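This one's a predicted model, so the numbers in the text were calculated from it and none came from an experiment. Every chain is numbered from 1, with letters handed out A, B, ... down the list of sequences.
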There are 2 protein chains.
Amino acid sequence: MNALLITSAEENYLKAIFKIAEKDPGAVLTNALAAEMGTSAASATDMLKRLSDKKLVVYEKYRGVKLSEAGNRIATNLIRKHRLWEVFLVDKLGFAWDEVHDFAEQLEHIQGEQLTERLDDFIGNPRFDPHGDPIPDAQGKWLRRTQTRFLTLASGQRGIITGVDDHSPGFLQYLGELGLGLGAELELLERTAYDQSSKVRIGAHHAVLSEKVGQNLFVRIL
Amino acid sequence: MNALLITSAEENYLKAIFKIAEKDPGAVLTNALAAEMGTSAASATDMLKRLSDKKLVVYEKYRGVKLSEAGNRIATNLIRKHRLWEVFLVDKLGFAWDEVHDFAEQLEHIQGEQLTERLDDFIGNPRFDPHGDPIPDAQGKWLRRTQTRFLTLASGQRGIITGVDDHSPGFLQYLGELGLGLGAELELLERTAYDQSSKVRIGAHHAVLSEKVGQNLFVRIL
DNA sequence: AAATATTTTTAGGCTTGTCTAAAAATAAAA
DNA sequence: TTTTATTTTTAGACAAGCCTAAAAATATTT
Ligand SMILES: [Mn+2]
Ligand SMILES: [Mn+2]
Ligand SMILES: [Mn+2]
Ligand SMILES: [Mn+2]
């Protein structure tokens, strides 16, 4: 049916549009896209014209861009592959959760539906990646989750880490040092009104999390 | 140290030069390279100039090309990655030996030494790929093997399949149907002088292999 | 050795994906 | 409602990889 050729660059732009719209629904502006891609606004405009020609986005000059049905499908599948490979790298090859993103950034572009599905089976059809992000299924369906930003926890409440909003190696490594991997349990002892820092108990020992850390942590309240 | 950027296209050309020189030592000619790459001679010449600028080949106009030390290192590492991924696809994901080449052709370009080494460990540091081809180690060292072309077998001799000289899905599937996977044992009952076809015994049953099949099969004589 | 055939290179062109600088459109401020 | 600032697009360039057609070099025949 649909045998049009999509380049890796086009895939990456589609994914970037998806990610921006995910956080901030509505039309994605050129500058935001260029920033996400690390390219100039002129390059983003160029690409938007190409993607529009291929009917992968709906683009209105000066007004921003949205993914079309086809574009959304491609972006979703790319994210699926990215996250499946991340699970493979962590679960099977023993990488740490802060080491896998760049590899997955390459592996997500490997073509071949059969490969994706066999990989999915091999790693046990995971629903979440090593950072707690949901993995869409082969039909592009997302699993809805109830997770709360750690900063909304009240004193005395306990939670289990279910995700992070910052995927940088620096943040992930820092969490690791604190014993805060995915699935770790912590209790909010006290939140300082002045700077929104949080005194927490993690297993046996105590720690203080800055507002920045608290903002980037998701938990399931126990 | 050596932080020059090599594109996937350049890697593929280097590998092609390596493969041609492997079968037919000496300088590789432009037409042979173009044929191997499925491009025009003009494109091959273009690429040879680029590779020469980057000191990855020693290229003399009209005389042919040879890999430099650096070029050889890159080609060898690419073949290493290609074959390691093939083992992964067959051993871990359950693909057949005729299904993996195209995936490996993509996966071989994934960058990251750590990934290659962890993959190698994960699949048990294999010395040969699913087609019986040797896998160079991380230092680029090749294991020398003694394998014989099936056609040199004399009547009454038995052998174990150790490799194939034709990697096309068609040939590999045909071998599979005959029960002739890697490691399969067969006995040459009789060779017909007229057309070099071979009557063989494979386990319990008999078969006739054409000269073409015989030419593309390698065995270790028992 | 000259003519012919083959191989290889050059010339010129095209697409993709990037850039910088300038122009145009939109939004914000005075 | 002008003026100013910001955002976005256009214009023009460039490198990588590919192509076809023509020219040049090399090899083979006669
Ligand atoms: Mn990631
Ligand atoms: Mn990517
Ligand atoms: Mn390849
Ligand atoms: Mn192989």
Verify the neighbour count for atom CZ of B/R220: are there more than 12 heavy atoms of other residues, nucleotides or ligands below 6.0 Å?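 No, not enclosed.
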Results of salt bridge (charged side-chain N to carboxylate O under 4.0 Å, His left out) for [X] - residues two or more places apart only:
X: A/D120; answer: A/R80
X: B/E99; answer: none
X: A/K141; answer: none

Using a strict heavy-atom distance below 4.0 Å, which residues from residues 6-35 of chain B are in contact with DNA chain C?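 The answer is B/L29, B/T30, B/N31.
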Mind running a 4.0 Å heavy-atom check of residues 47-64 of chain B against DNA chain C and sending the residues that fall below it, in number order?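 Heavy-atom cutoff 4.0 Å gives B/K49, B/Y59, B/K61, B/Y62.
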Could you tell me the separation between the CE atom of B/M37 and the C1' atom of D/dA16, rounded to a whole number of Å?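 It is 14 Å, rounded to the nearest whole Å.
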Is there any salt bridge (Lys or Arg N to Asp or Glu O under 4.0 Å) pair reaching into residues 23-34 of chain A, and which pairs are they, with sequence neighbours excluded?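 Only A/K23-A/D165 qualify under salt bridge (Lys or Arg N to Asp or Glu O under 4.0 Å).
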Need one value for A/T39: base, sugar-phosphate or nothing, where a base atom within 4.0 Å counts as base even if backbone is also close, heavy atoms only.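 Here A/T39 touches the backbone only, sparing every base.
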Base, sugar-phosphate alone, or nothing: which one does A/A44 contact when heavy atoms must sit under 4.0 Å apart?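 Nothing: the residue A/A44, judged by heavy atoms under 4.0 Å, touches no strand.
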Taking five pairs at each end, how big is the angle between the two axes of the helix from C/dA1-D/dT30 to C/dA30-D/dT1, to 10°?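 Roughly 10°, once rounded to the nearest ten degrees.
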Mind checking side-chain hydrogen bond (donor to acceptor under 3.5 Å, both in side chains) for [X] and listing every partner two or more places apart, or none if nothing turns up?
X: A/R63; result: none
X: A/K54; result: A/E10
X: A/S43; result: A/S40

Keeping A/S197 on the side-chain end and A/L209 on the backbone end, is there a donor-acceptor pair under 3.5 Å?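 Not a single qualifying donor-acceptor pair exists.
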Output field: ring centroids B/H131/B/H101 closer than 6.0 Å: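 Centroid separation for B/H131 and B/H101: 6.0 Å or greater.
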Testing B/E108, B/E22, B/E36 one by one against B/K15 for a salt bridge (Lys or Arg N to Asp or Glu O under 4.0 Å), which residue passes?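 Answer to the salt bridge (Lys or Arg N to Asp or Glu O under 4.0 Å) test with B/K15 among B/E108, B/E22, B/E36: B/E108.
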Side chains of A/L182 and A/V164: does their closest heavy-atom pair fall under 4.5 Å?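 No - every pair of side-chain heavy atoms lies 4.5 Å or more apart.
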Would you grab the first and last nucleotide of DNA chain C (5' to 3') that comes under 4.0 Å of any non-hydrogen atom in chain B?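 Answer, 5' to 3': C/dT7 to C/dT10.
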A/F95: ring-ring contact (aromatic ring centres under 6.0 Å, His included) partners, not counting sequence neighbours: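 Listed in chain order: A/F103.
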